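Remember, it's a predicted structure, so these values are computed and weren't measured experimentally.
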Amino acid sequence: MTQEHISHTKLIWKVFAILSVITIAEVALGIIKPDALYLTKFLGTSPLNIIFLILTLVKAYYITWFFMHMADEKKGLRRAVVWTAVFLIIYLATLLLIEGSYINDILGPLTKWNY
């Protein structure tokens with residue numbers, strides 16, 4: 001039995017391009033900070049924060065799926081790893097946003113925030 005070597009060069013460049021575009025979009029949004037996304041509130045935070053969270057989850061998914069070779073694993077292991085990571089990231093982000101909003105509400109009147 002011989003094993004064939006399959007080149008994934010095109011796939012690696014495709015994933016690199018996707019991750020680069022997402023990163024460039026994140027950096028551009030972070031530098032520009034559009035007022036419509038930054039100064040409005042949605043689900044207890046700004047839409048800009050939600051966009052950053054979504055883009056970060058997409059990047060984490062691509063990194064896990066392709067660079068940790070999850071595409072070649074069995075379906076159950078893929079689901080266990082990816083779903084657990086996505087759930088924990090969403091859970092952590094939710095808790096951080098709730099606690100951050102609480103701290104801002106409590107300490108906001110006592111502190112001069114430099115916006």
Asks: Mind running side-chain contact (heavy atoms from CB on, under 4.5 Å) on Ile89 and Thr56 for me, showing each step along the way?
Replies: CA-CA 10 Å; Ile89 290 169; Thr56 302; 5.8 Å; no
Asks: Search all heavy atoms of Met70 against all heavy atoms of Arg78 and return the closest pair with its distance.
Replies: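 Of all heavy-atom pairs spanning Met70 and Arg78, the closest is O-CD, 2.7 Å.
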Asks: Rounded to the nearest 0.5 Å, what separation is found between the CG atom of Leu96 and the CD1 atom of Ile103?
Replies: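 Reported value, rounded in 0.5 Å steps: 9.5 Å.
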Asks: Evaluate the side-chain proximity of Phe52 to Leu29: yes if any heavy-atom separation is below 4.5 Å, no if none is.
Replies: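 Yes, close enough: below the 4.5 Å cut-off.
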Asks: Can you find a heavy atom in the side chain of Leu19 that is under 4.5 Å from one in the side chain of Phe66?
Replies: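 SC-SC contact between Leu19 and Phe66 ruled out.
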Asks: Would you please test Leu92 and Leu88 for side-chain contact (heavy atoms from CB on, under 4.5 Å) and show each step?
Replies: CA-CA 6 Å; Leu92 175 66; Leu88 289 175; over 6 Å; no
Asks: Any link between Leu55 and Phe87 through a network of hydrophobic side chains (Ile, Leu, Val, Met, Phe, Trp, Tyr) touching at under 4.5 Å?
Replies: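 No; Phe87 is not reachable from Leu55 via cluster members.
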Asks: I'd like to know if Ile51 and Tyr62 are part of one continuous hydrophobic network [Ile/Leu/Val/Met/Phe/Trp/Tyr, side-chain heavy atoms within less than 4.5 Å].
Replies: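 Yes, Tyr62 connects to Ile51 through the hydrophobic network.
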Asks: I need the minimum non-hydrogen distance between His69 and Glu73, along with the two atoms involved.
Replies: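 So the minimum-distance heavy-atom pair works out to O-CG, 3.6 Å.
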Asks: Answer whether the closest heavy-atom distance between the side chains of Ile18 and Val58 falls below 4.5 Å.
Replies: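 SC-SC contact between Ile18 and Val58 ruled out.
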Asks: Write down the atom of Leu37, the atom of Ser46, and the distance for their closest heavy-atom approach.
Replies: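 Of all heavy-atom pairs spanning Leu37 and Ser46, the closest is O-CB, 3.4 Å.
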Asks: For Val15 and Trp65, run side-chain contact (heavy atoms from CB on, under 4.5 Å): C-alpha distance rounded to whole Å, both residues' side-chain angles, the deciding distance at 0.1 Å, then the answer.
Replies: CA-CA 10 Å; Val15 172; Trp65 195 256; over 6 Å; no
Asks: Can Phe67 be reached from Leu77 by stepping across I, L, V, M, F, W or Y side chains whose heavy atoms are under 4.5 Å apart?
Replies: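 Yes, same cluster.
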Asks: Please say yes or no: joined through hydrophobic side-chain contacts below 4.5 Å, possibly via intermediate residues, are Tyr61 and Leu57 part of one cluster?
Replies: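 The answer is yes; both residues are in one hydrophobic cluster.
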Asks: Got a second to check how far Glu26's CD is from Ile54's CD1, nearest 0.5 Å?
Replies: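 The CD1 atom of Ile54 is 11.0 Å from CD of Glu26, to the nearest 0.5 Å.
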Asks: Please determine whether residues Ile98 and Leu48 belong to a single hydrophobic cluster, defined as Ile, Leu, Val, Met, Phe, Trp and Tyr linked transitively by side-chain heavy-atom distances below 4.5 Å.
Replies: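 Shared cluster, no.
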Asks: Measure up the Phe16 and Trp13 rings against each other and bin them: parallel (under 30°), tilted (30 to 60°), perpendicular (over 60°).
Replies: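 The arrangement is perpendicular - the two ring planes meet at more than 60°.
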